[in-house]
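Below: one structure, written as structure tokens.
These numbers were taken from a predicted model, which means no experiment stands behind them.
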Amino acid sequence: MMKLTIDGIEVEVEDGSTVLQACEQAGAEVPRFCFHDRLSIAGNCRMCLVDLEKAPKPIASCAMPAGDGMVVHTNTPEIKKAREGVMEFLLINHPLDCPICDQGGECDLQDQAMAYGRHFSRYGEHKRAVKNKDVGPLIETIMTRCIHCTRCVRFADEIAGVEEFGAVFRGEHMEIGTYVEKAVSSELSGNMIDLCPVGALTSKPFAFTARSWELRKTESIDVLDAVGSSIRVDSRGGEVMRIVPRLNEDVNEEWISDKSRFACDGLSKRRLDRCYVRKDGKLEEASWAQAFAATAEALKGVSGDQAAAIAGDLADCESMTALKDLMTGLGSNHMDCRQDGAKLGGARAGYLFNTTIAQIEDADAILIVGADPRWEASLVNARIRKRYLRGGLKVGVIGAQRDLTYPYDLLGAGPQTLGEIAGGSHDFCQTLSAAERPMLIVGPGAVARDDGAGILAAARGVAEKFNMVRDGWNGFNVLHKAASRVGGLDLGFVPAAGGRDVGAILEGAESGAIKFVWLLGADEIDVARLNNAFVVYQGHHGDAGAAAADVVLPGAAYTEKDATYVNLEGRVQRTRRAIFPPGEAREDWTILRAFSEVLGNTLPFDRLGDVRARMAKISTSFETVDSVTPAAWDDFGTTGDLSGGAFSGAVDDFYLTDVISRASHTMAQCSGLFVTGQQGKTGTDG
């Protein structure tokens, strides 16, 4: 620890700290534009000048290492004059467009010009203008505003791992751009908007739709993947206007994926806002009473063994609890939350990301099996890249060759290679044996197969063989892509003894053995196989499930309800209602509670608290929120034949993975540009 004196206050800081960090610790406010806690130091803007005793001139505090015994002054007349001069230079070419700038109200340059700049301008010459760049459908560029802080360049290089932004030319002619005009292909590119301190990069879909002070801000979590990123939902009236990240060091730090940020326009399109009942082959509008009556009529004469339920990837835990109790009351054990047919269940440690996202930074060797973390969990991939940049990390991949933004050894394509590692005959075994904290990540491309249970058992054998599971460290991880998956498994929304899983339910519906199927937002299945059964679809978007349904019950999206989700680590999280559901739509657990009353088998909860108490009774993991409890290590998986073919990715199109993103015009543009059109395609072979 070092001792410094900041404005007469003595502080102790850790070795390796900068003078700027010491000033912050002492409570002194130091302006800055280019410095960011999570990016490398550039020292470009010079706004963070402070006076260091015995130094010949003011120093850039962001780039100066703190030293023992330093005496620093942050607010002397000389420093005030220096900051005014720096601000004057920064504003020389800045356009005077604050009234029409989309960054107005949340602009660092605007705030700091008021606090630290002069109240007049001495510049009378012509201002320099820079041509705007077309960098894709997500980011709007007004490059004349750019002050060359290079935050976007450093983010693209260091965090996103896509070296597509940079500076060209020199001096007064310097410009930030993509060299050759092209769209930025990173699935994290939207974070550059938050990083830009001057409004040179703004959100293209959000541009000129609302001012920041008009928006109602609601803290929530993202459910478009299984990471559970902390977000803030900004709404106006009954519409979600934008989604931005919240700080959460344990999960997403301060980043979110482009899908989480920009798919929100899909929340207002293709919505189910009233009930429908199929008559003479066509869905017709109906009241809640008529929809419930039609459903109850369809259940007459149907035994428990002929009814089934499937929960989708966006289903919340409250609705799965209610549906499970409803199906149990009907005498049915046929229920499943694993739309992709993943062979997961049983011991909790066998389906969690046990290491946790934050502790990825402690690993020194990672074996990835049948996973594409860049598309399946972008923020997990960003953590792995962050760990790689520190050095000393070796990564091996079994599966398809992808650009994961960090180097790795492609060990093989399928389960044969995993068997070799389990048997100790593969060269990568030496890396795992030498590692102090090895990790294994099993993806959906490995477990959502006929031999998935055998692969899971083999992966468990690898974890045990190479000492990945011990006191204080559990390196065995399952990577999920569905927000509902861990919560559904915790609640036991899987077939009980003699019950059918998703594949068997679809097979039974085709053969006539299953006569009634309740789809809770389940759209990622082959709904054509349900034609012989009576189908109830409960959800919020008119997608595949609604098109195949005989009764449609409109539910609420994640921004429209107080709901519980469990992320891939096993962290219980809560969404908060930002707006009300449209039309006649209702929160999902209340729909099931109301229908149970019509059936004469009323579910035993009337309030949200009652449902959550029921959840905690099913699994103690729901007793605490926003914390991770280590799962006990136990047997899981089933030893068997591993003769399946090569592992393939579970996500074909990052931008169109769920009903919300498929309804989004912005995501459709991204899919057409980056996936269908092949230009700048992310996650491609290479």
Is it true that atom [atom1] of [X] has more than 12 heavy atoms of other residues, nucleotides or ligands lying nearer than 6.0 Å?
X      : atom1 : value
Lys81  : NZ    : no
Arg46  : CZ    : no
Glu249 : CD    : yes
Met114 : CE    : no

Going by distance alone, is a donor N or O of one side chain under 3.5 Å from an acceptor N or O of the other, for Ser378 and Asn381?
no
By side-chain hydrogen bond (donor to acceptor under 3.5 Å, both in side chains), which residues pair with [X], not counting sequence neighbours?
X      : result
Glu84  : Lys80
Glu569 : Asn567, Arg571
Arg574 : Thr564

What pairs of residues pass the ring pair (Phe, Tyr, Trp, His ring centres under 6.0 Å) test when at least one of them lies in [range], not counting sequence neighbours?
range            : answer
residues 156-208 : none
residues 59-117  : none
residues 130-161 : Phe155-Trp255

Arg261 bridged to Asp194 by N-O distance under 4.0 Å
yes
Lys/Arg N to Asp/Glu carboxylate O, Arg246 vs Glu254, below 4.0 Å:
no
Validation: residues 389-396 side-chain donor-acceptor distances under 3.5 Å, sequence neighbours left out:
unit_1	atom_1	unit_2	atom_2	d
Arg390	NH1	Glu361	O	2.7
Arg390	NH2	Glu361	O	3.2

For the side-chain contact (heavy atoms from CB on, under 4.5 Å) test, which of Ile147, Ile142, Leu90 pairs with Val198?
Ile147
Please name the residue in the list Ile79, Val86, Thr76 that meets the side-chain contact (heavy atoms from CB on, under 4.5 Å) test with Pro58.
Ile79
Residue pairs involving [range] (criterion side chain to side chain donor-acceptor pair (under 3.5 Å); sequence neighbours excluded):
range            : result
residues 206-218 : Glu214-Arg236
residues 221-233 : Asp222-Ser260, Ser230-Asn248, Arg232-Asp234
residues 4-25    : Asp7-Thr74, Thr18-Gln21, Glu24-Arg32

Any side-chain to backbone donor/acceptor pair from Glu187 onto Trp375? Under 3.5 Å, distance only.
no
Considering residues at least two apart in sequence or located in another chain, which fulfil the side-chain contact (heavy atoms from CB on, under 4.5 Å) criterion with Asp653?
Tyr655, Leu656, Ser671, Val675
Applying side-chain contact (heavy atoms from CB on, under 4.5 Å) to Glu88 and not counting sequence neighbours gives Arg118, Arg122
